[in-house]
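Only one structure is covered here, and it is reproduced in the block below.
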Protein chains: 2
Amino acid sequence: MWLRTSSREDRGGPPLSRQRIVEEAVALLDEEGADRLTMRRLAERLGTGSTTLYWHVKTKDDVLDLALDAIFAAVPIPEDQNWRAGVTRLIGDWRATLLRHPWSAALLGRPMLGPNVLARSDFLYAALIGAGVVEPHLTAAAFGLSNYVVGSALMQATWLLNADAETRDAARDHMDHQRDRYPALAAHGPLTATDGWDESFERGLGWLLDGVEATIG
Amino acid sequence: MWLRTSSREDRGGPPLSRQRIVEEAVALLDEEGADRLTMRRLAERLGTGSTTLYWHVKTKDDVLDLALDAIFAAVPIPEDQNWRAGVTRLIGDWRATLLRHPWSAALLGRPMLGPNVLARSDFLYAALIGAGVVEPHLTAAAFGLSNYVVGSALMQATWLLNADAETRDAARDHMDHQRDRYPALAAHGPLTATDGWDESFERGLGWLLDGVEATIG
DNA sequence: CGGTCACTCGAACAACGATCCGGTGGAGGG
DNA sequence: CCCTCCACCGGATCGTTGTTCGAGTGACCG
């Protein structure tokens with residue numbers, strides 16, 4: 001009786017819910033990365049048993065899908081009048097969010113059908129349609145912009161955030177020792193110029209938008 | 001004596017080697033996908049014990065890194081005189097190879113430092129330099145083209161190859177039931193127009209190359 | 001008061017990556 | 001011819017993972 005763990009107070013915080021699981025999952029992912037997310041570790045942080053999570057969530061993949069969609073709530077849906085300004089802002093914030101949660105890069109290869117992602121994709125299509133972009137340019141524009149931001153964030157997260165310092169140093173040495181085999185790469189490659197990611201990103205984005213804009217008329 | 005498994009013949013094929021492990025890993029990945037690659041399954045296909053693999057390879061991640069680099073041997077390094085034709089061909093073959101091995105999409109988030117990848121990246125830089133592209137456009141062009149092809153292959157592999165039919169159908173239904181919430185997306189989204197990936201890809205690539213070309217001179 | 005229902009969790013299972021350590025056979029020197 | 005060495009092999013095993021089973025527990029409703 002006196003030993004019984006009385007129900008609510010001694011577990012941390014409010015009762016368990018799908019939302020609280022996802023919030024804690026995002027926090028855990030932010031702090032320790034994708035491969036350290038375990039159902040047991042997640043449950044421990046929530047003050048519950050690991051198997052309890054399966055009442056609120058079907059599989060671990062569900063947790064990952066929910067966590068991935070959750071972070072996009074931080075991407076504001078622009079209200080610019082100018083279509084190009086709005087699209088630029090959306091894509092930029094999209095990228096910033098991906099880089100703020102580097103573990104997301106490893107999850108981009110799964111279907112993203114959460115409400116936050118869909119709402120922002122819908123805005124992208126609507127903005128392009130409003131600008132007067134018509135098929136077949138419309139699909140190409142939406143695909144191209146999405147793919148560009150996903151690829152950029154994936155590569156930058158891989159090299160600057162997920163890779164530890166020793167990996168980067170080893171890569172640099174690896175390149176130095178083969179300088180004659182990859183001359184152009186060694187002279188101008190991403191490992192020699194690790195700064196300027198932002199500037200390069202926006203330059204490429206500008207090229208894409210120039211191409212889209214040229215189809216209007 | 002007669003019971004002893006005489007050494008070479010009864011195991012399949014030539015003696016074990018790092019190369020043979022990688023070849024079999026690629027075959028296994030092609031047939032069953034990334035999450036079905038196990039050291040035990042791989043060893044079984046090679047006719048050896050699972051622990052033997054660790055003599056030739058340090059970890060499973062090494063196998064994945066080697067397999068990922070191996071498939072890029074199938075991407076020819078162009079010899080076109082026209083820089084734009086060469087770059088277009090390289091990027092197109094790069095994408096085709098990624099799509100021919102859909103499991104590669106899930107591995108793009110790791111450092112790619114294999115000889116095949118480096119040689120082709122070096123060609124890309126050399127071609128752009130030869131075309132007269134100078135900094136800061138050079139880095140932006142190389143990054144942009146790489147990121148674009150990676151993102152495109154990642155998204156297409158996610159939706160058309162890795163996702164099974166029921167996932168796609170469920171996604172379609174999911175969208176249909178929320179048609180009013182995402183009007184633009186439902187009308188023009190990727191799930192309604194699953195064809196035209198190739199055409200959209202080349203259109204976006206053209207926009208990028210137009211932007212790069214405009215910086216020359 | 002009795003029963004239903006949402007919710008919790010310890011124990012257990014199968015599968016995984018990886019390591020330990022005892023083999024085994026062929027090459028090469030005495 | 002024999003002995004030694006060493007590259008190479010693999011059974012047993014460890015710790016960890018995702019997930020399931022089934023037995024609980026308490027709040028609420030009639």
Side-chain angles (χ1 to χ4, degrees), chain A residues 1-25 28-29 31-68 103 106-107 109-110, chain B residues 1-25 28-29 31-68 103 106-107 109-110:
Chain A
M1 162 57 172
W2 307 111
L3 300 175
R4 210 177 307 152
T5 66
S6 102
S7 55
R8 283 284 144 76
E9 227 61 11
D10 48 356
R11 286 204 300 267
L16 207 51
S17 70
R18 191 192 287 248
Q19 174 182 327
R20 222 165 79 81
I21 291 177
V22 173
E23 287 172 3
E24 200 65 35
L28 175 54
L29 287 165
E31 293 173 21
E32 309 195 30
D35 46 348
R36 310 259 342 216
L37 174 66
T38 299
M39 295 303 268
R40 288 176 231 262
R41 292 168 68 85
L42 179 56
E44 191 180 6
R45 286 176 65 121
L46 288 163
T48 73
S50 61
T51 65
T52 305
L53 301 179
Y54 286 93
W55 179 263
H56 303 272
V57 151
K58 198 151 185 287
T59 67
K60 181 188 176 181
D61 277 353
D62 281 12
V63 177
L64 293 176
D65 286 334
L66 290 168
L68 185 58
W103 47 269
L107 306 180
R110 59 179 65 219
Chain B
M1 161 58 173
W2 307 111
L3 300 176
R4 209 177 307 152
T5 67
S6 104
S7 53
R8 282 288 143 75
E9 226 61 10
D10 46 357
R11 286 203 300 265
L16 208 51
S17 69
R18 190 191 290 245
Q19 174 182 327
R20 223 165 76 81
I21 292 176
V22 173
E23 287 172 5
E24 200 66 35
L28 174 54
L29 288 165
E31 293 174 22
E32 310 196 32
D35 46 347
R36 310 266 331 226
L37 174 65
T38 298
M39 294 303 267
R40 289 175 231 259
R41 292 168 71 84
L42 180 56
E44 191 179 7
R45 286 176 65 121
L46 288 163
T48 74
S50 61
T51 64
T52 304
L53 300 179
Y54 287 95
W55 179 263
H56 302 272
V57 150
K58 198 152 185 287
T59 67
K60 181 189 177 182
D61 278 353
D62 280 13
V63 178
L64 293 175
D65 285 334
L66 290 168
L68 184 58
W103 47 269
L107 306 180
R110 60 180 61 220

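Here is how names work: the chains are called A, B, and so on, in the same order as the sequence lines, proteins then strands, and each is numbered from 1.
Over its full length, the helix from C:dC1-D:dG30 to C:dG30-D:dC1 turns its helical axis through 20°, comparing axes from the five pairs at each end and rounding to 10°.
One interatomic measurement links the two molecules: CG of B:Leu46 to P of D:dC8, which rounds to 15 Å at whole-angstrom precision. Taking atom CZ of residue B:Arg36 and atom P of nucleotide C:dA14, one finds them 17 Å apart after rounding to whole Å. Atom pair A:Glu44:CD and C:dG10:C1' shows a separation of 15 Å (rounding to whole Å applied). Residue B:Leu53 contributes atom CG, which lies 12 Å from atom P of D:dG11 at whole-angstrom precision. Rounded to an integer number of Å, the gap from CG of A:Leu28 to P of D:dT17 is 11 Å. Spacing between atom CG of A:Leu42 and atom C1' of D:dG18 amounts to 13 Å, rounded to whole angstrom units.
A:Leu68 approaches A:Leu107 most closely through the heavy-atom pair CD2-O, 3.6 Å. Of all non-hydrogen atoms in A:Leu28 and A:Arg45, the two that sit nearest each other are CD1-NH1, 3.7 Å. Shortest non-hydrogen contact noted between A:Ala67 and A:Leu29 is CB-CD1, 4.1 Å. When all heavy atoms of A:His56 and A:Ser17 are compared, the closest pair comes out as ND1-CA, 4.1 Å.
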Heteroatom pairs (N/O) under 3.5 angstrom, protein to nucleotides 17-21 of chain C:
unit_1, atom_1, unit_2, atom_2, d
C:dG17, OP1, B:Lys60, NZ, 2.7
C:dG17, OP2, B:Met39, N, 3.1
C:dG17, N7, B:Arg40, NH2, 2.6
C:dG17, O6, B:Arg40, NH2, 2.9
C:dA18, OP2, B:Tyr54, OH, 3.0
C:dA18, OP2, B:Lys60, N, 2.8

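The B:Trp55 side chain lies nearest to D:dA7 when the options are C:dC16, C:dC9, D:dA7.
The closest donor-acceptor contact from the side chain of A:Lys58 to the backbone of A:Val63 lies at 3.5 Å or more, if one exists at all.
Here B:Glu24 does not pair with B:Arg41 in a salt bridge; the nearest charged N to carboxylate O distance is not below 4.0 Å. The pair A:Glu23-A:Arg18 does not count as a salt bridge, with every side-chain nitrogen at least 4.0 angstrom from each carboxylate oxygen.
Of the side-chain N and O atoms in B:Thr52, none sit less than 4.0 angstrom from OP1 or OP2 of D:dC8. Regarding contacts with the backbone of D:dC9, a side-chain N or O of B:His56 is found under 4.0 angstrom from either OP1 or OP2.
In this structure, CG in B:Leu42 is found 12.5 Å from CZ in B:Arg40, a value given to the nearest 0.5 Å.
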- request: List the steps and the verdict of side-chain contact (heavy atoms from CB on, under 4.5 Å) for B:Leu64 and B:Leu37.
  value: CA-CA 9 Å; B:Leu64 293 175; B:Leu37 174 65; 3.5 Å; yes
